[in-house]
Amino acid sequence: MLPDPTVNRQSIDILITEGRMRASQLFFPTLREVPAEAEMISHRLLLRGGFIRKVAAGIYDYLPLGYKVIKKIEKVVREEMDAQGAQEILMPAIVPAELYQETGRWNLDVLFRLKDRNDRDYSIGFTHEEVVTDIIRRDLRSYRQLPLNLYQIQSKGRDEARPRGGTVRGREFIMLDAYSFDRTWDDLDRAYDKMYAAFSRTFARCGLAPLVVEAESGAIGGKENQEYMVVADSGEDIILVCEKCGYAANAEKAEIGERPVKKSDDELQPLELVDTPNARTIEQVTSFLKRSPKKLVKTLIYKAGEQVVAALVRGDRDLNEAKLASMLGVKSVEMADPETILRVTKADVGFAGPVGLDKSVKIVADREVQGMMNFVVGGNKTDAHYINANIGRDFEVSEFGDLRVASKGDPCARCENTLTTVRGMEVGHIFKLGTLYSEKMGAGFLDDDGQEKPFIMGCYGMGVSRMLAAIPEVNSDQDGMVWPISVAPFEVVVILLNPDDEAQCNAATRLYEELQQQGVDVLLDERDERPGVKFKDTDLMGAPIQVVAGRLAGEGKVEVRLRSTKSKEEISIDDATAHVLELRRKLYQESEDKAQAVAVNPQLH
RNA sequence: CGGGGCGUAGCGCAGCUUGGUUAGCGCGCCAGUUUUGGGAACUGGAGGCCGCGAGUUCGAAUCUCGCCGCCCCGACCA
């Protein structure tokens with residue numbers, strides 16, 4: 001349909017029958033001032049741009065623009081999941097307690113619990129391993145039906161201790177969760193690689209370049225897992241990165257390399273028990289004794305089953321419980337209760353030390369402690385510490401190893417370099433679960449040898465609503481958001497500067513119509529607002545391509561701009577549609593190029 | 001759950017210390033006039049359970065107690 005050659009302000013209503021894309025009718029309540037509740041860049045921009053509104057802590061409305069972005073992210077996700085042969089399903093948001101009880105997760109405190117009228121227990125689904133495993137155990141019998149990958153995109157509920165950052169950590173959030181079922185571990189590796197490709201491509205197409213890091217899988221385990229971390233100063237997680245060899249791991253997981261121990265040639269000072277009244281914490285002891293925490297050794301009493309263990313780390317370090325458990329060859333460790341501590345140290349909590357500890361206690365230490373001399377330790381006596389303690393002379397350590405939480409400057413475990421830290425926002429997490437759930441839930445298939453075997457599973461999660469925040473968190477400037485074209489709320493905004501100017505009206509409506517007919521997702525801003533308002537709102541919204549119908553329209557020209565580079569070009573109205581289509585094609589091509597570059601998992605090949 | 005802060009118009013805030021007319025200001029919103037290439041000007045309007053509940057008082061946005069909500073730091077985080 002060609003526009004009427006004499007369009008004016010009054011006739012726009014009639015001309016544009018599909019009114020959904022007109023800014024005057026679009027519900028996008030922009031704010032000039034930043035709501036006091038928002039701290040993070042993305043949170044501020046999403047609120048200011050009218051993408052989201054808060055309903056309660058961690059619970060948000062997605063307004064038209066925000067929901068359009070969500071739908072576009074979901075579209076990319078579906079394309080990439082389907083391309084890997086995964087099949088979309090939809091599981092219930094309300095999950096009966098029995099399913100979570102089967103695997104012992106019913107008592108997790110993140111569950112939103114509810115009861116029906118008959119007092120039966122349910123919770124809002126927070127992740128769906130049990131539900132999907134239940135599907136499989138009912139209807140999947142034979143190895144011939146494998147491999148299988150089922151996914152869903154759904155709102156989840158988790159009663160987070162502290163929601164933050166808008167949709168970064170919500171209590172209700174939209175997530176992709178996929179679950180793979182395989183016959184063998186090799187098959188699981190293949191399924192995992194496919195998900196790696198799907199996830200990496202999805203993030204790339206959404207304008208994100210997350211680091212892939214090794215991560216802890218939590219108390220319930222799983223064989224191998226990787227997190228996708230968007231590097232951002234506002235990220236909640238600390239990631240250790242080796243710039244030389246590319247090793248990257250979450251702080252909870254990061255291994256610390258072993259280096260030759262350098263003992264200083266200081267003289268051994270005599271061990272001395274000194275009074276430290278009420279000095280229990282490192283901070284208190286440090287200020288009382290006027291010694292740096294680096295001259296202190298913390299003694300942490302743990303229980304690994306029946307065995308009581310004293311773990312030693314330097315005063316300014318944190319013990320990594322997973323590493324301790326792994327050194328001791330147990331699944332998990334827990335801090336000893338006050339009675340146990342009193343029994344083995346003969347002192348109140350806060351004064352444990354390795355010197356004169358009960359003989360039944362195994363003493364292990366972080367490698368860093370091996371090089372320390374004349375340090376301070378707890379006195380195993382209430383209100384007392386030893387100064388000038390030394391290994392070998394005053395006590396023995398049965399094993400040294402990597403026990404502390406890695407921090408900046410620690411040696412890399414994979415090369416001779418040292419580790420640096422960056423902050424990251426987790427947008428995806430992929431796991432090899434193995435038979436963790438299938439065994440607990442009795443989900444098995446009949447293999448070709450006639451034996452019943454548990455499914456070998458993987459699970460793959462991606463935070464869709466978190467990406468709504470993560471993308472602008474790393475793609476914005478002073479004027480607002482800068483969306484990659486594949487997930488932008490609109491691909492193109494046509495700005496009609498003066499609706500009373502006939503030439504401008506003609507140009508804007510013509511281009512709007514032409515672009516729509518070409519399948520472009522385009523918004524026409526024909527609002528009765530001053531030009532500045534429209535420019536500001538358009539920049540804030542962050543659509544990648546802007547077409548300005550202004551003064552130049554009288555000369556048969558419009559201005560075509562790119563949001564990302566702020567570039568401006570004057571183009572004749574006759575060529576404008578073709579020009580915009582070409583820009584659009586290039587932008588999509590760029591994101592596809594990035595997707596192709598990242599699709600192979602470097603950690604596994 | 002621990003520490004800190006905040007709740008007054010849609011948004012941002014003042015007023016509270018030292019109780020006392022009709023609770024203010026800016027932005028936004030509505031009407032009109034003039035404007036129209038980077039968040040216009042003027043005129044006139046609408047809009048408040050001052051978070052909720054008890055108390056003190058002749059009188060409470062303001063003082064006291066309790067509760068609720070929200071934000072930040074920490075703990076937590078499949």
Side-chain angles (χ1 to χ4, degrees), chain A residues 9 29-40 43-44 47-48 50 53-59 100 103-105 108-111 125-130 156 158-166 168-171 173 175 177-179 215-223 225-227 234-238 250-253 318 321 425-426 428-433 436-437 457-463 466 478-480 495-501 504 525-540 546 548-554 558-559 561 566 568 570:
Chain A
R9 186 172 179 167
T30 58
L31 301 171
R32 292 192 185 192
E33 281 172 292
V34 186
E37 71 190 50
E39 195 102 325
M40 235 184 246
H43 190 194
R44 290 169 167 225
L47 286 169
R48 281 194 56 210
R53 287 291 184 261
K54 188 179 70 187
V55 178
I59 298 175
Y100 287 134
T103 55
R105 296 165 105 190
L108 292 184
D109 55 13
V110 294
L111 266 64
F126 72 106
T127 176
H128 285 233
E129 282 79 2
E130 288 85 350
K156 300 271 192 277
R158 288 184 197 172
D159 192 3
E160 292 283 351
R162 182 143 95 88
R164 70 185 94 178
V168 167
R169 178 174 292 273
R171 293 192 296 165
F173 58 96
M175 176 169 145
D177 45 326
Y179 306 89
E216 271 304 324
S217 52
I220 310 184
K223 184 185 156 203
N225 71 97
Q226 289 169 297
E227 284 176 332
S234 54
E236 305 173 88
D237 299 284
I238 306 284
N250 198 311
E252 289 92 63
K253 170 80 177 180
D318 291 315
E321 293 187 3
M425 186 187 293
E426 180 186 352
H429 202 159
I430 57 180
F431 288 86
K432 292 181 183 175
L433 290 172
L436 216 55
Y437 290 85
M457 294 174 55
C459 74
Y460 317 91
M462 187 188 297
R466 181 175 284 184
Q478 293 114 322
D479 296 316
I495 306 173
L496 169 54
L497 279 193
N498 184 355
D500 289 326
D501 182 293
Q504 294 184 24
D525 192 351
E526 36 49 297
R527 288 177 300 166
D528 189 12
E529 290 285 355
R530 296 176 65 80
V533 173
K534 297 186 197 184
F535 286 133
K536 290 288 184 191
D537 279 349
T538 307
D539 286 349
L540 179 59
Q546 307 173 351
V548 182
R551 278 187 190 133
L552 295 167
V558 292
E559 194 173 274
R561 303 175 168 193
K566 300 267 178 185
K568 303 176 184 179
E570 292 177 10

Got [X] and [Y] here, is their nearest side-chain heavy-atom distance under 4.5 Å?
X	Y	answer
A/Arg171	A/Phe126	no
A/Arg48	A/Thr30	no
A/Val548	A/Val558	no
A/Arg158	A/Thr127	yes
A/Lys432	A/Met457	no
A/Arg527	A/Asp537	yes
A/Glu426	A/Val168	no

So which nucleotide does [N] pair with, by the Watson-Crick or G-U wobble rule with both distances under 3.5 Å?
N	answer
B/C25	B/G12
B/G2	B/C73
B/G38	none
B/G7	B/C68
B/A31	B/U43
B/U18	none
B/G59	none

Distance between [atom1] atoms of [N] and [M] (Å, rounded):
N	M	atom1	result
B/C70	B/U34	P	49 Å
B/G10	B/U64	C1'	33 Å
B/U35	B/C73	C1'	49 Å
B/G45	B/C68	P	44 Å
B/C50	B/G15	C1'	10 Å
B/A61	B/G24	C1'	12 Å
B/A14	B/C6	C1'	15 Å
B/U21	B/C58	C1'	16 Å

Set of residues satisfying side chain to side chain contact (heavy atoms under 4.5 Å, CB included) with respect to A/Arg164, sequence neighbours excluded
A/Arg162, A/Arg169, A/Glu236

Nearest-angstrom distance from the residue atom [atom1] of [X] to [atom2] of [N]:
X	N	atom1	atom2	value
A/Asp109	B/C76	CG	C1'	8 Å
A/Ile238	B/C77	CD1	P	16 Å
A/Arg53	B/G28	CZ	C1'	12 Å
A/Asp500	B/U33	CG	C1'	15 Å
A/Arg164	B/G5	CZ	C1'	17 Å
A/Asn250	B/C76	CG	C1'	14 Å

Kindly indicate whether the side chain of A/Glu33 and the base of B/G26 share any N or O donor-acceptor pair separated by less than 3.5 Å?
yes

Any N or O donor-acceptor pair under 3.5 Å from the base of B/C77 to the side chain of A/Arg169?
yes

If each of A/Cys459 and A/Ala161 is mapped to the nucleotide of RNA chain B with the nearest heavy atom, which maps nearer the 5' terminus, i.e. the 5' end?
A/Ala161

On RNA chain B, nearest-nucleotide positions of A/Glu129 versus A/Met40: which is more 5'?
A/Met40

Does A/Glu426 reach a base, just sugar-phosphate, or nothing at all? Heavy atoms under 4.0 Å.
nothing

Determine the contact category for A/Val110: base if any of its heavy atoms lies under 4.0 Å from a base atom, sugar-phosphate if only primed atoms, P, OP1 or OP2 are that close, otherwise nothing.
nothing

Does any donor atom in the side chain of A/Thr103 or A/Glu130 lie under 3.5 Å from an acceptor atom in the other side chain?
yes

Measure from the side-chain N and O atoms of A/Tyr100 to the backbone N and O of A/Leu108, and report whether any donor-acceptor pair falls under 3.5 Å.
no

Is there a donor-acceptor contact under 3.5 Å from the side chain of A/Asp501 to the main chain of A/Gln504?
yes

Measure all distances between protein nitrogen or oxygen atoms and nitrogen or oxygen atoms of nucleotides 67-71 of chain B, and list the pairs falling under 3.5 Å.
from	atom 1	to	atom 2	distance (Å)
B/C70	OP1	A/Ala57	N	2.8
B/C70	O3'	A/Lys54	NZ	3.1

Of the listed nucleotides B/C76, B/U36, B/C29, the one nearest the side chain of A/Asn498:
B/U36

Salt-bridge test for A/Asp479 and A/Lys566: reply yes if a basic N is under 4.0 Å from a carboxylate O, no otherwise.
yes

How would you summarise protein contacts on nucleotides 37-45 of chain B per nucleotide, using B for base, S for sugar-phosphate only and - for none, with heavy-atom distances below 4.0 Å?
BBBB-----

